[in-house]
Asks: 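What follows is a structure written as structure tokens; I'll ask about it next.
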There are 2 protein chains.
Amino acid sequence: MSGKVKMVTMRDVAQASGFSPATVSIVLNNAPLARYIAPATKKRIEDAAKKLGYRPNAMARFLRSRRSQTVGVMIFDITDPFCTPVLRGIENALYQSSYVPIFADAHNQRTRFERYLEMLLEHHVEALIVVANWLFVDIQLLADLSKRNITAATIGWEVPGDSVSSVMVDNEAGGRLALEHLYHLGHRKIAAIRGPKMLIDSGPRWKGIQKFAHSVGLEIDPSLVVQLPDELEANSGFEGGYRFTEELLERKKKFTAVLAFDDLTAFGAIRALTKAGVKVPEQCSVVGFDDVPLSALAAPSLTTVRQPLEAMGNMAVNLVVEGIKAGLEKRDWSISRHKMTPELVIRDSTRAMLTAADD
Amino acid sequence: MSGKVKMVTMRDVAQASGFSPATVSIVLNNAPLARYIAPATKKRIEDAAKKLGYRPNAMARFLRSRRSQTVGVMIFDITDPFCTPVLRGIENALYQSSYVPIFADAHNQRTRFERYLEMLLEHHVEALIVVANWLFVDIQLLADLSKRNITAATIGWEVPGDSVSSVMVDNEAGGRLALEHLYHLGHRKIAAIRGPKMLIDSGPRWKGIQKFAHSVGLEIDPSLVVQLPDELEANSGFEGGYRFTEELLERKKKFTAVLAFDDLTAFGAIRALTKAGVKVPEQCSVVGFDDVPLSALAAPSLTTVRQPLEAMGNMAVNLVVEGIKAGLEKRDWSISRHKMTPELVIRDSTRAMLTAADD
DNA sequence: TGTCTGACTTGAAACGATTCAAATTGACGG
DNA sequence: CCGTCAATTTGAATCGTTTCAAGTCAGACA
């Protein structure tokens, strides 16, 4: 149908401008040597390039310069609403740095993770960013990357050793914020749905809660505490929240607030409460964690502890870009672990206790 | 830190196995010529490759064979919940075909779209898939792609001309399903929030509604119909739904159901109704369109017309993969336009009219 | 013995860019 | 008129694969 358009190569630009390919390369890339090129020459070359519609061939460029302008972005499950803002943050920061993201979604499966890793390596990504929030697969493989001089960063997870940078929220501070909020609203009988043991976030988040409770002399009734099981189903948070809230209700112990492990869990809890005829927030407050996008839209909108997801994506990119630069300049460089500060977002799912209440 | 690991090239495999690079290439790619290679040779080469941990260099391969194993995926706004399932569908299908997606998010901005297009071309993607649901940017540029022999497909939008395939939902059928449902529940005073004029979906969806109304002799009161403005804000659907429902309520005309343009609009409507003290679904039913992931989780969960989003992503990939194949074999090939059938998903935001009602 | 078949393998030329060491040029001081 | 120097520009090698036309070689056949 269409007459195959011949690709415009650097040769063509050289011919058109009357200089050699070497010069063209130097000018168009603004290489160090460009300092010595006469301004008139530069102009002629640039004009020729524009007129011909020259577009550098990223592949050919890589072959010589070892730079693919490409970064692997491995998401463990794009279906999880947590991931979208993070991805946005990553994408945006990469765009600023003129890198192009190669997208991989592991679907929470180890084999898929491995195969994608393989593919990313074949495509010679200059760095790898892994978003691994709700994840039950070990990612030790990442440690090997540093051997190949590929900088890597994880978001929402940490890899032991000193070869992978990471960006996480300060879970302990977040846990504290959540309980503090309920406490100040006057709640004392507080149920809690803890995160699965295997999740890295669960521990610190709970610790923050306990610390605050202790600091104000609040006792958390163990019979009002449940823990999500280790599962890797998508949306298992919602299901879990629903099921365990039902269980809490069946125990017939009174509570006026629920501290959910994350937003999805919170939605599950709200659903269970509503179904049981308990009005949120009138009769029971619920607070989540993460502030995934739908939390603002849901009815009632969710009070939650916000992770700065987009900023975390940004941060991870900045880290690996620094790593890439260091590698190029053969500078020393060491990984870093970032803890971002969470923020309480107050919406409609929590409410102050009526004066009548307490004990 | 780490001792730079030398890359294993095909040369190394050749040396190790005692054959020439040419033979190695033929064997490892299972090229046509492999028919003539002795089985013993194949085995030795494959063993050597495995032992050395050989990994083909995608870039070098491209340079010669013109195959990048790469497909561009341009999303107009990943923040829109509509996009996630589509992306999942695309990713999954590409993975099956051993293509790697290069991810681009236009943020609904023309300049960004153009720049990304440029970058994708530099990376020599073999095809391009564009997800463009809530989009106010013209994508005529896509037509140029066919000149470069790059097959393209759009999801949720159509490009005039015969150079770009497309996958859309059958909006007219969907509109019909929505109204039909409300009608069968006994609703007669139905408010409608139409989509923005510039959106390609708005027209057909409304047409489906009107056709059904006409077929059962239902009159849709024009004073109960509003139309969303042309805006490109993220979540403008939610805002719009909220604002226009408030407006409808102010008009003091009674209605028992709302036909929202899409799910986000529906959530906005529900929020406005709830705020005004109108209970959903007890006093007013609301039906959406799309079935974005959060529709199942929200409270009340949303009755909606489902677009098979993941399948649409799949479909688009199949189309472009066929296009790529045809191009390689120099076969003729022409684009196609697919209309997927929508499906009514009944959840908790709609309810049958009480007998007392009507007129 | 010489030639002819297959049946396998391979040499060498691309592909499009980058990178230095080296070439060219013109001017200038001696 | 020559040597030197600074200011520009370039030749040619190289990156790792793929691709055919062409090579090798053992045995079969005349």
Side-chain angles (χ1 to χ4, degrees), chain A residues 4-46 48-49 52-70 121-124 126 328, chain B residues 4-46 48-49 52-70 121-124 126 328:
Chain A
K4 199 162 207 159
V5 187
K6 190 81 186 71
M7 193 171 24
V8 180
T9 79
M10 208 157 80
R11 253 195 151 63
D12 301 325
V13 178
Q15 223 119 52
S17 64
F19 292 93
S20 75
T23 313
V24 174
S25 172
I26 289 162
V27 170
L28 261 28
N29 293 302
N30 206 357
L33 251 35
R35 300 185 336 85
Y36 305 117
I37 305 281
T41 307
K42 286 187 185 171
K43 179 144 184 18
R44 272 169 60 198
I45 290 180
E46 276 155 5
L52 297 183
Y54 170 71
R55 220 190 300 278
N57 181 324
M59 313 286 181
R61 185 215 294 295
F62 163 82
L63 208 51
R64 194 78 242 277
S65 70
R66 311 269 82 177
R67 309 218 40 192
S68 65
Q69 318 261 57
T70 267
L121 289 176
E122 287 180 9
H123 282 271
H124 290 270
E126 294 188 45
L328 283 166
Chain B
K4 198 161 206 160
V5 186
K6 189 82 187 72
M7 191 168 29
V8 179
T9 80
M10 208 156 78
R11 251 193 153 65
D12 300 324
V13 177
Q15 223 120 52
S17 65
F19 292 94
S20 74
T23 313
V24 174
S25 171
I26 290 163
V27 170
L28 261 27
N29 293 302
N30 207 355
L33 249 35
R35 300 183 339 84
Y36 304 117
I37 305 281
T41 306
K42 286 187 186 171
K43 180 146 182 17
R44 272 170 58 197
I45 289 180
E46 276 154 5
L52 297 184
Y54 170 70
R55 220 190 298 279
N57 181 323
M59 313 284 183
R61 185 214 292 295
F62 163 83
L63 207 51
R64 194 75 243 275
S65 70
R66 314 269 80 178
R67 307 216 42 191
S68 66
Q69 318 261 56
T70 266
L121 289 176
E122 287 180 9
H123 282 271
H124 290 271
E126 293 188 48
L328 283 166

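Sequence lines set the chain letters: A, B, ... in the order given, protein chains first and strands last, and positions in each chain run from 1. Side chains are part of it too, since the values below use all heavy atoms of this structure and drop only hydrogens, waters and symmetry mates. Source: prediction; values computed, not measured.
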Asks: Taking the side chain as every heavy atom from C-beta outward, state whether B:Asn57 and B:Thr9 have any pair of such atoms under 4.5 Å apart.
Replies: no

Asks: Give one of base, sugar-phosphate or nothing for A:Ala38, where a contact means two heavy atoms less than 4.0 Å apart.
Replies: sugar-phosphate

Asks: For the side chain of A:Met10, counting heavy atoms from C-beta on, which of D:dT18, C:dA17, D:dT10 is nearest?
Replies: C:dA17

Asks: Quick check for you: among D:dT9, D:dT17, D:dA21, whose closest atom lies nearest to any side-chain atom of B:Tyr54?
Replies: D:dT17

Asks: Taking only N and O in the side chain of A:Arg66, is any of them less than 4.0 Å away from OP1 or OP2 of D:dG16?
Replies: yes

Asks: Nearest heavy-atom pair of A:Ser68 and A:His124: which atoms, and what distance?
Replies: OG-O, 2.7 Å

Asks: Would you check if A:Thr70 and A:Glu126 make a side-chain contact, meaning some heavy-atom pair closer than 4.5 Å?
Replies: no

Asks: Between D:dG16 atom P and B:Leu28 atom CG, what is the distance in whole Å?
Replies: 16 Å

Asks: Using heavy-atom distances to pick each residue's nearest nucleotide on DNA chain D, tell me which of B:Ala31 and A:Phe19 is more 5'.
Replies: A:Phe19

Asks: Closest approach to the side chain of B:Tyr36, judged atom by atom: which nucleotide of C:dA12, D:dT17, C:dC8 is it?
Replies: C:dC8

Asks: In terms of side-chain heavy atoms of A:Leu63, which of C:dG16, D:dT10, C:dT18 is nearest?
Replies: C:dG16

Asks: Of the listed nucleotides (D:dA12, D:dT9, D:dC20), which one gets closest to any side-chain atom of B:Ile26?
Replies: D:dC20

Asks: Does A:Thr9 reach a base, just sugar-phosphate, or nothing at all? Heavy atoms under 4.0 Å.
Replies: sugar-phosphate

Asks: May I ask you to verify if any side-chain N or O of A:Ser65 is less than 4.0 angstrom from the OP1 or OP2 atom of D:dC15?
Replies: no

Asks: Answer yes or no on whether A:Arg66 is positioned over the face of A:Phe62, meaning its NZ or CZ is under 6.0 Å from the six-membered ring centre and within 45° of the axis.
Replies: yes

Asks: Nearest-Å distance, CG (A:Asn29) to P (C:dT19)?
Replies: 8 Å

Asks: Within this structure, what is the CD1-CE distance for the pair B:Ile45 and B:Met10, rounded to the nearest 0.5 Å?
Replies: 9.5 Å

Asks: Nearest whole angstrom, please: distance from the P of D:dT8 to the CZ of A:Arg44.
Replies: 14 Å

Asks: Report the residue (B:Ala22 or B:Met59) whose heavy-atom-nearest nucleotide on DNA chain D is the more 5′ of the two.
Replies: B:Met59

Asks: Categorize B:Phe62 for me: base, sugar-phosphate, or nothing, with a 4.0 angstrom heavy-atom threshold over every strand shown.
Replies: nothing

Asks: Counting heavy atoms from C-beta on, name the nucleotide in D:dT9, C:dT18, C:dT10 closest to the side chain of A:Thr23.
Replies: D:dT9

Asks: Within less than 4.0 Å of OP1 or OP2 of D:dT14, is there a side-chain N or O belonging to A:Arg64?
Replies: no

